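What you see is a predicted model, and the numbers here were worked out from it, not measured in a lab. Throughout, a chain's letter reflects where its sequence line sits, starting with A, and its residues are numbered from 1.
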2 protein chains.
Amino acid sequence: METGVTHPVVSDAIELEQFLPYRLSRLTNTVSNAIAELYRDSFGLSIPDWRVMAVLARFPGGSAQDLVARTRMDKVAVSRSVARLVERGLIHRTTSSKDRRRSSLLLSDEGRSVYARIVPMARDAESQLLAALSDRERVALDKLLDALQGAADTLGAAD
Amino acid sequence: METGVTHPVVSDAIELEQFLPYRLSRLTNTVSNAIAELYRDSFGLSIPDWRVMAVLARFPGGSAQDLVARTRMDKVAVSRSVARLVERGLIHRTTSSKDRRRSSLLLSDEGRSVYARIVPMARDAESQLLAALSDRERVALDKLLDALQGAADTLGAAD
DNA sequence: TGGCTATAGTTTCATTTGCAACCAACCGGA
DNA sequence: TCCGGTTGGTTGCAAATGAAACTATAGCCA
């Protein structure tokens, strides 16, 4: 790799490898790509699809709006995942009688079956990541992620 | 929010909020979106653009291939960022005389000037994140990220 | 009731992204 | 010196993403 020492180096240049946002982005991409491949190859599901199913498994009967709140996904993404999953028969959609704009979403039997088969794969991937950490470090990680997320939430908030 | 307690809940459902890949993804998205907005609004640069400039600031004269190695970006993304930046006059491209496939890339004076103005913003954003952590925790975070990246790198490697 | 505003969800369109195919230049051996 | 394989980089195309417009329904209040 060319080092370029013959050229002027900007004095206070940032070292990308040490730059937190870059490191986070790289880590997340690596993890997400590996997991996305897993879900896709095994069940033809995208990560958004998986998230929708995961939430419906825990909170059955919710609306698309509830999914938006619980997954932080964009409502368009939710709408599309739901449409795909309904299409594939993995979830059932029934229009609410009280509010005909809303619909109530439920995993179908097949949806639950698929979900049950994904869960171990997801847990396994997570375990492989956490295997690199001691118990102590896992506790620390938990705290750090919460703290960072909290700080991140206020990052652009100075608008 | 609809709780849906009247419906069957899958027994060993995953709690998305606690699922490490989800938390990483959410954190990274929050951070990246905030920073992307910053760079875009201030200088019309995307994050890939910024990364290319950051590497060229530290390693002037490198080739697109060097950028790929140092940023872990896709070579297509590098190609497009470089094209944009050359177009805007922020970097200079000169075809290497030894290997006419390669070109050597350098920040222009304007490029260095823009870069110099972004650096404080980038550092500032990073500082705001790290402000949520104690010194001790920062050290821990550094280690954890390396460990997780290492584990992540071997995640899909069982192919 | 009529009319205004707000919400649920979908569609449309423009932008971004990423893989695969591609072109051009280099390299090593017959 | 020609030929097969490799590398540097770009282009084409198709899928993913996201903002904004749109449809339909609900709720409020004069």
> Between A/Thr71 and A/Arg51, do the side chains contain a donor N or O and an acceptor N or O under 3.5 Å apart?
no
> Rounded to whole Å, how long is the line connecting atom CG of A/Asp74 with atom C1' of C/dT10?
12 Å
> Could I get a table of every N or O pair under 3.5 Å where one atom is in the protein and the other is in nucleotides 8-12 of chain D?
unit_1	atom_1	unit_2	atom_2	d
D/dG8	OP1	B/Arg102	NH2	3.1
D/dG9	OP1	B/Ser103	N	3.0
D/dG9	OP2	B/Ala64	N	3.3
D/dG9	OP2	B/Gln65	N	2.7
D/dG9	N7	B/Lys75	NZ	2.8
D/dG9	O6	B/Lys75	NZ	2.8
D/dT10	OP1	B/Arg93	NH1	2.7
D/dT10	OP2	B/Ser79	OG	2.6
D/dT10	O5'	B/Ser79	OG	3.4

> Ring centroids only, cut at 6.0 angstrom: are A/Phe43 and A/Trp50 within range, meaning strictly under it?
no
> When the distance from CZ of A/Arg84 to C1' of C/dG9 is rounded to whole Å, what number comes out?
16 Å
> Could you pick out which residue, A/Ala77 or A/Ser97, lies toward the 5' side of DNA chain D when each is mapped onto its nearest nucleotide?
A/Ala77
> Do any N or O atoms from the side chain of B/Ser108 and from the backbone of B/Leu90 form a donor-acceptor pair under 3.5 angstrom?
yes
> Do B/Leu105 and B/His92 come within less than 4.5 Å of each other through their side chains, counting heavy atoms only?
no
> Taking 4.0 Å as the cut-off, does a side-chain nitrogen or oxygen of B/Arg100 come that near to OP1 or OP2 on C/dC26?
yes
> Treating B/Asp124 as the side-chain partner and B/Pro120 as the backbone partner, does any N or O pair qualify as donor plus acceptor under 3.5 Å?
no
> Could you give the CG-to-P distance, from A/Leu67 to C/dA8, as a whole number of Å?
13 Å
> What is the separation between atom CZ on B/Arg40 and atom C1' on C/dT16, rounded to the nearest whole Å?
13 Å
> Closer than 3.5 angstrom, by distance alone: can the side chain of A/Ser42 be matched with the main-chain N or O of A/Leu38 as a donor-acceptor pair?
yes
> How close or far is atom C1' of C/dC27 from atom NZ of B/Lys98, stated in whole angstroms?
16 Å
> In whole Å, what is the span from the CE atom of A/Met73 to the P atom of D/dA19?
14 Å
> Could you say whether A/Ser96 or A/Pro48 is positioned toward the 5' end of DNA chain D, judged by the nucleotide with the nearest heavy atom to each?
A/Pro48
